[in-house]
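First the structure, in the form of structure tokens, and then the observations on it.
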Amino acid sequence: MIKRFLFASQIRSGQEVHFEQRLEKDKDELRSKLKADGILTFALYQFNLQLYVYLESEREVDDFPWTQQLEEVLVERPIAGEMRYSSRLMDIYHSAAPREDDAWRTGNPIEQRIGSIARLKPDMYASYIYYHYQRQEEKPVRENKTYMIGVEDSWIFSYQELPAVYDDSPGQGAFTTRNTPENWREVMLPHFDVWTDTSEEEFIWRKLKLICSESS
């Protein structure tokens, strides 16, 4: 069964150009390394020094397998008692999840892979997760099944593909309650530290630059 993951990494300060050069040089090696590790699909995004990854695999993935050359320009940090070049984001919301009886990939062409980031106000962190888990488990919501949100500290990263694909048999969530607010956007807005240097369309969710991707 397909498993989905989100990761975050960071370029060393002053190494942005070196990272860009090494990624361009190592793209084929990186794709081969990911394929050898059983990773079926991935998309890599950049925002200043921050890097975000979406990937799909048939097994658990605890660490994104960068090439040695790319690791040389990334920040190493302690993750779960080990020094790593990436951290796995906690899945706090997904529109749908792959199932044993489900063909996750429909074979339809992917026209866009959209990665976006937003910033949560620290005192609204728990509230945001609460509302999203409630929405996820209370009732099936007809939205793009590839949509997924992960969190690291107060930064949240979302991924989705277009054209949107819908799960017409989502099944029953864990809750039988019906407490998800109908005025969702109004309730969500106070949770965000909004962007002031983007277009009005992106003042909450800022779209990221896709710098490398691959599908099986």
* Is there a path from Ile110 to Tyr166 through hydrophobic residues (I, L, V, M, F, W, Y) whose side chains come within less than 4.5 Å of each other? -> no
* **Test side chain to side chain donor-acceptor pair (under 3.5 Å) applied to Gln15 - qualifying residues, sequence neighbours left out** => His18
* In sequence, state the C-alpha distance, the side-chain angles, and the governing distance for Asp26 and Gln69, and then conclude on side chain to side chain contact (heavy atoms under 4.5 Å, CB included). => CA-CA 8 Å; Asp26 286 5; Gln69 292 79 10; 3.1 Å; yes
* Structure fact -> Across all chains, not counting sequence neighbours, the salt bridge (charged side-chain N to carboxylate O under 4.0 Å, His left out) partners of Lys121 are none
* Asked: Which heavy-atom pair separates Pro190 from Met124 by the least distance, and what is that distance?
  -> O-CG, 3.8 Å
* May I ask you to test the Leu74-Gln10 pair for a side-chain heavy-atom distance under 4.5 Å? => no
* **Test log, rule side chain to side chain contact (heavy atoms under 4.5 Å, CB included), inputs Val75 and Ile11** => CA-CA 6 Å; Val75 174; Ile11 303 169; over 6 Å; no
* **Heavy-atom donor-acceptor pair, Ser95 side chain to Asn144 backbone, under 3.5 Å** => yes
For residues 47-54, please give each side-chain donor-acceptor pair under 3.5 Å, one per line with the distance, not counting sequence neighbours.
from: Gln50; atom 1: NE2; to: Tyr52; atom 2: OH; distance (Å): 2.7
from: Tyr54; atom 1: OH; to: Arg4; atom 2: NE; distance (Å): 2.9
from: Tyr54; atom 1: OH; to: Arg4; atom 2: NH2; distance (Å): 3.3
from: Tyr54; atom 1: OH; to: Glu56; atom 2: OE2; distance (Å): 2.5

* To do: Tell me, please, which residues at least two apart from Arg31 pass side-chain contact (heavy atoms from CB on, under 4.5 Å).
  => Lys27, Asp28, Phe42, Cys212, Glu214
* To do: For Glu60, enumerate each residue passing the salt bridge (charged side-chain N to carboxylate O under 4.0 Å, His left out) test, keeping only those at least two apart in sequence or located in another chain.
  => Lys3, Arg88
* What is the distance from atom CG of Leu23 to atom CD of Glu29, rounded to the nearest 0.5 Å? -> 11.5 Å
* **hydrophobic_cluster_shared for Tyr45 and Leu162, side chain cutoff 4.5 Å** => no
* Under the salt bridge (charged side-chain N to carboxylate O under 4.0 Å, His left out) test, which residues partner Glu152, sequence neighbours left out? -> Arg77
* Any residue meeting side chain to side chain donor-acceptor pair (under 3.5 Å) with Glu161, in chain and number order, not counting sequence neighbours -> Arg105, Tyr159
* To do: Test Gln46 against Leu208 for side chain to side chain contact (heavy atoms under 4.5 Å, CB included), laying out the working first.
  => CA-CA 6 Å; Gln46 182 178 355; Leu208 302 181; over 6 Å; no
* To do: Nearest 0.5 Å please: distance from the CD atom of Gln68 over to the CZ atom of Arg22.
  => 10.0 Å
* Structure fact -> So CG of Asp37 and NZ of Lys33: to nearest 0.5 Å the spacing works out to 5.5 Å
* May I ask you to check whether over 12 heavy atoms, not counting those of Arg59, lie within 6.0 Å of atom CZ? => yes
* Quick one: name the residues clustered hydrophobically with Leu189, using the 4.5 Å side-chain heavy-atom rule over I, L, V, M, F, W, Y, and just say none if it's on its own. => Met90, Ile92, Tyr93, Leu120, Tyr125, Tyr128, Ile129, Tyr130, Tyr131, Tyr147, Ile149, Val151, Ile156, Trp184, Val187, Met188, Phe192, Val194, Phe203, Ile204, Trp205
* For Phe64 and Trp66, what are the C-alpha separation, side-chain angles and deciding distance, and is it a ring-ring contact (aromatic ring centres under 6.0 Å, His included)? -> CA-CA 6 Å; Phe64 186 74; Trp66 295 103; 4.7 Å; yes
* Asked: Using a distance-only test with no angle check, is there a side-chain donor-acceptor pair under 3.5 angstrom linking Thr177 and Glu138?
  -> yes
* Structure fact -> Rounded to the nearest 0.5 angstrom, the NE2-CD distance for His94 and Gln160 is 15.5 Å
* Under a 4.5 Å side-chain heavy-atom rule over Ile, Leu, Val, Met, Phe, Trp and Tyr, are Met148 and Leu89 clustered together? -> yes
* Mind telling me whether Phe7 and Phe5 have parallel, tilted or perpendicular rings, with 30° and 60° as the class edges? => tilted
* By side chain to side chain donor-acceptor pair (under 3.5 Å), which residues pair with Asp193, not counting sequence neighbours? -> none
* Taking it one step at a time, do Ser32 and Leu34 satisfy side chain to side chain contact (heavy atoms under 4.5 Å, CB included)? -> CA-CA 5 Å; Ser32 296; Leu34 293 171; over 6 Å; no
* Asked: So how far is it from Leu6 CG to Ser87 OG, rounded to the nearest 0.5 Å?
  -> 10.5 Å
* **Same cluster (ILVMFWY, side-chain, under 4.5 Å), Val165 and Ile2** => no
* To do: Keeping the roles fixed (side chain from Glu72, backbone from Leu70), state whether a donor-acceptor pair exists under 3.5 Å.
  => no
* For Pro98, does its backbone N or O pair with a side-chain atom of Lys145 as donor and acceptor, under 3.5 Å? -> no
* Is there side-chain contact between Thr41 and Ser57, with heavy atoms separated by less than 4.5 Å? -> no
* With sequence neighbours left out, what residues match Asp63 under side chain to side chain donor-acceptor pair (under 3.5 Å)? -> Ser86
* Structure fact -> With sequence neighbours left out, the residues meeting salt bridge (charged side-chain N to carboxylate O under 4.0 Å, His left out) with Asp123 are none
* Taking only residues two or more places apart in sequence, or in another chain, which ones meet Glu202 in a side-chain contact (heavy atoms from CB on, under 4.5 Å)? -> Thr198, Ser199, Arg206, Lys207
* **Gap separating the OG1 atom of Thr67 from the CG atom of Leu30, nearest 0.5 angstrom** => 6.0 Å
* Asked: Do Trp104 and Met1 touch side chain to side chain, with heavy atoms closer than 4.5 Å?
  -> no
